[in-house]
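Okay, structure first, notes after.
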Number of protein chains: 4
Amino acid sequence: MQETTPEPQQAQPEAGLRDRKKEAKRAAIIAAAQAEFIAHGFAEARLARVAAQAGVAKGTLYLYFDSKEALFDAVLRGALPLIFAPPAAPDPGTPPQLAFRRRLRAAIADMQASERDKLALIVLSESAQFPGLARIYLEAILEPLFGLVRDYARSSGVARLEPLTRYPQLLLAPMLAATMWNRLMTERPPLDLSEMLETHLTLVLGPPEGEPAGVTG
Amino acid sequence: MQETTPEPQQAQPEAGLRDRKKEAKRAAIIAAAQAEFIAHGFAEARLARVAAQAGVAKGTLYLYFDSKEALFDAVLRGALPLIFAPPAAPDPGTPPQLAFRRRLRAAIADMQASERDKLALIVLSESAQFPGLARIYLEAILEPLFGLVRDYARSSGVARLEPLTRYPQLLLAPMLAATMWNRLMTERPPLDLSEMLETHLTLVLGPPEGEPAGVTG
Amino acid sequence: MQETTPEPQQAQPEAGLRDRKKEAKRAAIIAAAQAEFIAHGFAEARLARVAAQAGVAKGTLYLYFDSKEALFDAVLRGALPLIFAPPAAPDPGTPPQLAFRRRLRAAIADMQASERDKLALIVLSESAQFPGLARIYLEAILEPLFGLVRDYARSSGVARLEPLTRYPQLLLAPMLAATMWNRLMTERPPLDLSEMLETHLTLVLGPPEGEPAGVTG
Amino acid sequence: MQETTPEPQQAQPEAGLRDRKKEAKRAAIIAAAQAEFIAHGFAEARLARVAAQAGVAKGTLYLYFDSKEALFDAVLRGALPLIFAPPAAPDPGTPPQLAFRRRLRAAIADMQASERDKLALIVLSESAQFPGLARIYLEAILEPLFGLVRDYARSSGVARLEPLTRYPQLLLAPMLAATMWNRLMTERPPLDLSEMLETHLTLVLGPPEGEPAGVTG
DNA sequence: GATGAATGAGACTTCATTCAT
DNA sequence: TATGAATGAAGTCTCATTCAT
């Protein structure tokens with residue numbers, strides 16, 4: 001019940017006053033909870049810390065979410081809509097491979113800019129506790145990317161890329177690995193995801209076409 | 001204190017018997033704990049279940065391990081030695097790429113045969129809780145494999161493989177991704193790690209040399 | 001403070017209107033609270049439900065009542081005045097036993113028609129929490145009825161009824177028992193209080209006098 | 001699971017040592033809980049007080065009972081077995097009415113000597129929360145007594161007692177009323193249940209037969 | 001050494017009550 | 001006056017850890 005976001009009523013600027021504050025507080029709680037879940041995982045996350053971080057009392061959390069689990073769910077779902085943001089339509093004249101690379105770069109950059117890469121790791125951590133949600137989440141995150149890969153592998157007409165239609169994971173796995181690596185190896189200089197992506201794409205797809213050399217990011 | 005394995009005293013057959021019983025019980029506890037940690041993660045693991053599964057009383061756990069964390073540590077360390085098992089020396093006449101592929105296959109197969117792949121995921125999951133241990137563990141698992149990759153990339157003399165010396169992760173990431181995939185997507189048919197590895201190697205390294213076609217596993 | 005009913009100000013029609021609205025809201029709150037207390041008892045009663053049922057906000061309750069306990073008190077006191085409603089004066093020529101029976105019947109019927117019988121049980125239930133109030137309430141309900149019984153037992157001149165002057169409870173206990181029974185045994189057909197009362201009166205006082213046989217209700 | 005009383009093993013005096021302590025502690029907890037529930041009702045009962053009264057830590061309660069509700073259940077059920085204690089067989093030559101009176105007296109005295117009369121009131125209080133249990137409990141307590149009344153009313157052959165076969169409550173209600181009365185009216189001298197019972201029986205059944213006058217308790 | 005009953009700190013959650021709007 | 005979001009004290013319950021037997 002509390003999960004239903006109140007429909008925005010742009011026609012009534014007055015009515016929105018309280019609603020806007022509520023929505024702001026809701027967002028503050030989710031942000032605090034996201035940081036807490038990322039930092040400690042579900043089981044070790046403390047609602048007291050979430051409340052303190054969000055600047056509300058402990059009980060206030062329950063005005064917005066029925067339970068710790070519901071809050072966790074909201075944090076994960078809160079990140080979902082981003083993946084559906086329509087990518088900028090490519091220039092009609094762009095060569096297919098370049099268009100593909102650009103969309104992949106954009107997806108990766110977007111995933112890093114948000115915290116979705118860290119959330120994906122949480123999903124993994126908690127998959128034993130929340131199997132259903134994990135599946136939904138990963139599908140929402142990964143399937144669109146897989147679709148990109150499959151489409152390109154098919155339409156490229158390059159025979160040696162055919163296996164990517166069966167294992168689109170192969171092209172994306174390095175991003176996952178690098179994200180995990182950076183999360184774990186905090187003492188070392190972090191891997192440069194963009195450069196690593198370009199390296200991987202060049203290794204698998206060959207050197208970029210129709211693009212000035214060295215311009216990757 | 002309890003972590004120091006007692007030095008075997010072969011001169012005293014009686015004491016040896018007792019030690020052997022102790023060691024067996026210790027092994028049983030670790031095995032039970034490993035299963036529990038894999039199934040539920042650290043936070044949700046229950047020492048009561050570990051004790052029951054190991055066939056001992058709850059208090060007995062504390063005769064062998066100081067705390068739940070120490071037990072977790074022991075489980076992870078228990079899997080470490082395996083990675084250092086020296087690989088079988090390759091036949092002198094084997095072509096380098098084939099030898100490399102074979103060692104990679106063996107490492108992956110070994111990691112799957114044991115539960116070390118699942119443990120690696122647990123380490124990832126719990127990295128927020130145990131950052132130091134996680135780093136040590138992953139380095140112990142991954143660095144040797146990275147060394148394999150780097151050595152091959154260097155010695156192969158193939159120019160386009162040079163990036164692998166900087167990003168050896170690129171060659172191994174699909175195994176990680178596939179392991180995670182299989183852990184999460186329990187409802188779908190699991191990915192075939194061996195086939196996926198071969199596909200990836202062929203994609204990056206080119207078709208296998210010096211090996212009958214179709215013989216991969 | 002809020003418990004003092006504002007003195008009606010008939011000279012000011014406006015103020016009277018406001019007062020009437022206030023009084024109506026107050027009555028609505030008490031009615032909702034009564035239903036809630038009957039349904040769930042004091043401890044499990046939820047002010048949120050009371051407010052919702054009364055059609056006011058939660059905070060509004062506190063404009064009318066200082067606390068949950070004060071509301072409970074108001075509910076009980078709200079039922080008290082009814083018991084003091086003077087019974088219709090009996091026809092002068094009615095035989096004493098018949099008059100007595102009729103008044104008893106009327107009292108029971110009235111208690112059932114209102115919800116006072118259920119409230120009496122609530123008082124009993126909560127007597128551990130509110131001993132003083134419980135005593136006052138039960139005395140207000142029961143003492144007038146006991147007076148009826150004592151008066152009749154004394155004035156009837158029947159020797160064997162003398163104990164009723166000491167234990168007037170004996171004549172009324174079945175009503176209490178039946179009310180409790182009906183509250184608890186919701187799965188069975190409810191006891192017919194009127195018939196049970198007649199049966200009891202006949203058992204103790206003998207068959208009705210001066211009344212056509214079979215006319216009891 | 002915790003509810004299953006361990007079967008007494010009289011053949012093994014040693015094994016009973018720990019079990020006896022456990023059983024004693026269990027009994028202490030139930031006793032403390034019974035007092036707490038009687039004093040405050042279910043909702044206002046505090047497990048902290050129960051634990052303190054029983055001389056155990058709060059967590060210990062959960063070694064014996066799964067929840068507060070389970071403890072409540074155990075308290076009520078703990079009183080049930082008493083009702084099934086077979087009454088002493090009457091002397092063969094005793095007149096039926098005297099035998100009936102004696103058994104009724106014994107039942108009432110027993111109910112008072114234990115705390116079952118107070119527990120019955122708790123059942124009433126909490127019937128909104130635990131309807132099923134309430135029914136079971138009251139049936140276990142009341143039905144046997146009703147059986148006594150019905151049997152006597154039938155076998156006595158006295159026509160005017162026939163209504164008691166339909167409404168056995170009529171004969172027992174005064175006991176309930178008196179118990180409630182004594183619970184509530186703590187400031188007044190308590191009603192003497194024995195005398196009140198005798199008075200009621202005499203009123204309904206007539207004066208006692210075959211028994212020296214004045215010997216009632 | 002082994003047991004398992006006992007502990008108690010601390011977590012999540014509820015809900016009567018308050019107060020800024 | 002009326003609202004309803006916010007509060008926070010306090011309750012139930014969990015579980016790693018201890019210790020008497």
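By convention in this document, chain letters (A, B, ...) are assigned in the order of the sequence lines, proteins followed by strands, and residues within each chain are numbered from 1.
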Without decimals, in angstroms, what is the distance between Tyr62(D) OH and dA5(E) P? 18 Å

For a quick check of understanding: with a heavy-atom distance under 4.0 Å over all strands, which category does Lys25(B) fall into, base, sugar-phosphate or nothing? sugar-phosphate

Less than 4.5 Å apart, any side-chain heavy atom of Leu71(D) and any of Tyr62(D)? no

Phe37(A) six-ring centre to Lys68(A) NZ/CZ under 6.0 Å and within 45° of normal: no

Taking for Gly55(C) and for Ala48(B) the nucleotide of DNA chain F with the nearest heavy atom, the one nearer the 5' end belongs to Gly55(C)

Could you state the atom-to-atom distance from CG of Leu61(A) to C1' of dT7(F) in whole Å? 12 Å

Whole angstrom is fine here: how far is it from CZ in Phe65(A) over to P in dA6(F)? 12 Å

Judged by each residue's nearest nucleotide on DNA chain E, which is more toward the 5′ side, Glu44(C) or Phe42(A)? Phe42(A)

Under 6.0 Å between ring centres: does that hold for Phe42(D) and Phe130(D)? yes

So what does Ala43(D) touch, heavy atoms closer than 4.0 Å: a base, only the sugar-phosphate, or nothing? nothing

Pick the nucleotide of DNA chain E nearest each of Gly59(B) and Lys68(C); which residue has the one closer to the 5' end? Gly59(B)

Under 3.5 Å for both donor-acceptor distances, Watson-Crick or wobble: does dA20(E) have a partner, and if so which one? dT3(F)

Rounded to the nearest Å, what distance is computed from the CG atom of residue Leu47(D) to the C1' atom of nucleotide dG8(E)? 15 Å

On DNA chain F, check which nucleotide each of Ala57(C) and Ala45(D) is closest to and give me the residue with the more 5' one. Ala57(C)

Roughly how far, to the nearest 0.5 Å, is CD of Glu126(B) from CG of Leu76(B)? 9.5 Å

How is Ala51(D) classified with respect to the nucleic acid when contacts are heavy atoms under 4.0 Å: base, sugar-phosphate, or nothing? nothing

Derivation and outcome, salt bridge (charged side-chain N to carboxylate O under 4.0 Å, His left out), residues Glu23(C) and Lys25(C): CA-CA 5 Å; Glu23(C) 206 48 43; Lys25(C) 193 164 285 190; over 6 Å; no

Quick one: His40(B) NE2 to dC15(F) P, roughly how many Å, whole number? 11 Å

Leu63(A) CG - dC15(E) C1' separation (whole Å): 11 Å

To the nearest angstrom, how far is Arg26(A) atom CZ from dA5(F) atom P? 13 Å

Give a yes/no answer on whether the side chain of Lys58(D) brings an N or O atom under 4.0 Å of OP1 or OP2 in dT14(F). no

Measuring to OP1 and OP2 of dG11(F), would you say a side-chain N or O of Arg46(D) lies under 4.0 angstrom away? yes

Can you tell me the distance, in whole Å, between the OH atom of Tyr64(C) and the P atom of dT1(F)? 8 Å

